[in-house]
Amino acid sequence: MRLWSDMQSWQKRLGETLRVSVYARFLLISGTIVLGMMTILALFVSSHVKAVSISSTAQTDAFYMTAFVAPLVQDISDDTLLPAETIAQLDRLMHIATVDNDVEMARIWRRDGTILYSTDKATIGTRADLSGAEIAFRGEVIGHVEQVSDDVGRHFGARGMPLFEVYAPLHSLETGAIIAVGEFYKNAQPLIDQISSANTTIWSTTASVSVMMMGMLFLLARRSNRIIVEQRDRLKRRAAKASALARQNEKLRGQSDLAKLQAIKANEDLLTDIGSTLHDGPIQSLALLVLKLSTVGTDARRIVEDCAESARLAGGVVHDLRDMATGLVLPELEDLAVEQVVRLAVDRHETLTGTSVALDIGPLPAQLPPAYKICIFRVIQESLHNAFQHAGGADRQVSAAWSDEGI
């Protein structure tokens, strides 16, 4: 018994744990999906904002190159450097750009990789790696943020600031062909701060929306879980009620079957009793009457005596048959009150047996359906008959009263 009780308790705790875990798993999975999708969205928007900011900044700076620098380098040739006068004009222009646009360094490249102009005068006329300017020579504006390289670091010293590097194609004003590429570096910290501020806004907005979505999801899940629990409890109650009804129906079916068997037995007992009564009473009296009639002598006095005896025997048979018929045929009970039915059953038994029965009648309903009256009459009749037959009819009492459970 102890083991069975422990198993039932464990199953109950397991069921509760599974119900909680299903609810928790739903929140965990859905929350993970929402957070994952919102994170992907934030990363995409952040990356797009960064790309757009860098591109727009590069285009703006390239416009400066095209508008102010390109007209000064229209006389570039493939075998000569820029004149000193042009370099001086570019120095003045770059000085203005340094003050207005935070330009830290500038270069102008020829297609063969020769540096035609540089704010670092020691590099003019030298050739350098064109890997960063190749795309610009195809007509595209390139801009990206990078840390200070070695050659640029020599120009900036130990400042070590992040730089925004721009490569812009310089076109011929007459033919539109690309004649050189302008390269310049500017302080990237303002751009980085701008992108960082935009990212902060994007991530804070995404986090706020995610929290609201999670809150709505939590409320929806909790409401759904409450509805499911209520429906499950309702189904459990209905199942319990249905089970109880099924057990009650099974019990009533058993009682009905038992009542049928008892009714069959009672009917057989009644037939047996009737047969026994006929055999011991009227049939024996008739047999004696037949015997008397068959032995009537010739003596007149004997004939008179035999006829008188035969008449007595015939009267006894009629009396016995009348008593039997009275016991089998119910009187008219439909118009009688319940108390009158009880008294009639007792009075008839007293009349048939010549005995007396004590009667104690309490509160009774005035009327009941005929089937109930028949049942009351037969119960009293059978009980008194059994008491008379098996106990000699001594000290019998019939008590009848109404209670909450019946009569």
query: Can you list the steps and then say if Leu82 with Ile124 is a side chain to side chain contact (heavy atoms under 4.5 Å, CB included)?
result: CA-CA 10 Å; Leu82 292 176; Ile124 295 177; over 6 Å; no
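- Side-chain atoms of Thr200 come within 3.5 Å of backbone atoms of Ser196 as a donor-acceptor pair (strictly under, hydrogens ignored).
- Residue Arg110 is tested with Val181, Ile179, Leu116 for a side chain to side chain contact (heavy atoms under 4.5 Å, CB included); the sole match is Leu116.
- Taking a 6.0 Å sphere around CD of Glu85, one finds it holds 12 or fewer heavy atoms contributed by other residues, nucleotides or ligands.
- Contact check for Thr114 versus Trp109: no side-chain heavy atoms found under the 4.5 Å cut-off.
- Counting only heavy atoms from C-beta outward, the side chains of Ile227 and Gln231 approach each other to under 4.5 Å.
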message: Does Val141 form a side chain to side chain contact (heavy atoms under 4.5 Å, CB included) with Tyr167? I'd like the steps, not just the answer.
response: CA-CA 6 Å; Val141 176; Tyr167 291 91; over 6 Å; no
task: Report the C-alpha separation of Glu165 and Ile142 in whole Å, then their side-chain angles, then the decisive distance to 0.1 Å, and conclude whether the side chain to side chain contact (heavy atoms under 4.5 Å, CB included) test is met.
output: CA-CA 8 Å; Glu165 182 180 13; Ile142 306 300; over 6 Å; no
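- Minimum interatomic distance between Arg111 and Ile178 (heavy atoms only, all atoms of both residues): NH2-O, 3.3 Å.
- Within the model, atoms OG1 of Thr353 and CZ of Phe388 stand 5.0 Å from one another, a figure rounded to the nearest 0.5 Å.
- A 4.5 Å side-chain heavy-atom check between Leu219 and Met216 finds every atom pair outside the cut-off.
- Residues forming a side chain to side chain contact (heavy atoms under 4.5 Å, CB included) with Gln248 (at least two apart in sequence, or on another chain): Leu245, Leu252.
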- request: Using the side chain to side chain contact (heavy atoms under 4.5 Å, CB included) rule, take Thr206 and Ser210 through it: C-alpha gap first, then chi angles, then the decisive distance, then the call.
  value: CA-CA 6 Å; Thr206 304; Ser210 299; 4.1 Å; yes
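- Between Leu43 and Trp203 there is a side-chain heavy-atom pair separated by less than 4.5 Å.
- In Glu230, the CD atom is crowded: over 12 heavy atoms of neighbouring residues, nucleotides or ligands sit closer than 6.0 Å.
- Counting heavy atoms from C-beta on, the side chains of His349 and Thr355 come closer than 4.5 Å.
- Ala401 and Gly362 make their closest contact through CB-CA, 4.2 Å (heavy atoms, listed as atom of the first residue, atom of the second, distance).
- To the nearest 0.5 Å, the span separating CD1 on Ile40 from CG on Leu35 amounts to 11.0 Å.
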Taking only distance into account, with no hydrogens and no angle test, what donor-acceptor pairs under 3.5 Å do side-chain atoms of residues 44-55 form with protein atoms, sequence neighbours excluded?
| residue | atom | partner | partner atom | Å |
| --- | --- | --- | --- | --- |
| Ser46 | OG | Asn199 | OD1 | 2.4 |
| Ser53 | OG | Val49 | O | 2.8 |

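- With hydrogens and angles disregarded, no donor-acceptor distance shorter than 3.5 Å links the side chain of Ser118 to the backbone of Lys121.
- Counting all heavy atoms, side chain and backbone alike, Gln367 lies closest to Leu336 at NE2-O, 3.5 Å.
- Taking the side chain as every heavy atom from C-beta outward, Leu368 and Ile407 approach each other to under 4.5 Å.
- To the nearest 0.5 Å, atom OG of residue Ser243 and atom CZ of residue Arg238 are 16.0 Å apart.
- A distance of 6.0 Å separates OG1 in Thr57 from CD in Gln194, rounded to the nearest 0.5 Å.
- Nearest approach of Arg396 to Ala387, heavy atoms of both residues: CD-CB, 3.5 Å.
- Of the possible polar contacts, none joining the Lys373 side chain to the Val341 backbone as a donor-acceptor pair under 3.5 Å is found.
- Using a cut-off of 4.0 Å between Lys/Arg side-chain N and Asp/Glu carboxylate O, Glu250 and Arg247 are scored as not salt-bridged.
- Judged by distance alone, the side chain of Thr175 and the main-chain N or O of Ser172 form no donor-acceptor pair under 3.5 Å.
- For the atom pair CD of Glu183 and CD1 of Ile108, the computed distance is 10.5 Å after rounding to the nearest 0.5 Å.
- Between the side chain of Gln381 and the backbone N or O of Ala345 there is no donor-acceptor pair closer than 3.5 Å.
- If you take OG1 on Thr86 and CG on Leu93, they are separated by 12.0 Å, rounding to the nearest 0.5 Å.
- Environment of CG in Asp395: sparse, with no more than 12 heavy atoms of neighbouring residues, nucleotides or ligands closer than 6.0 Å.
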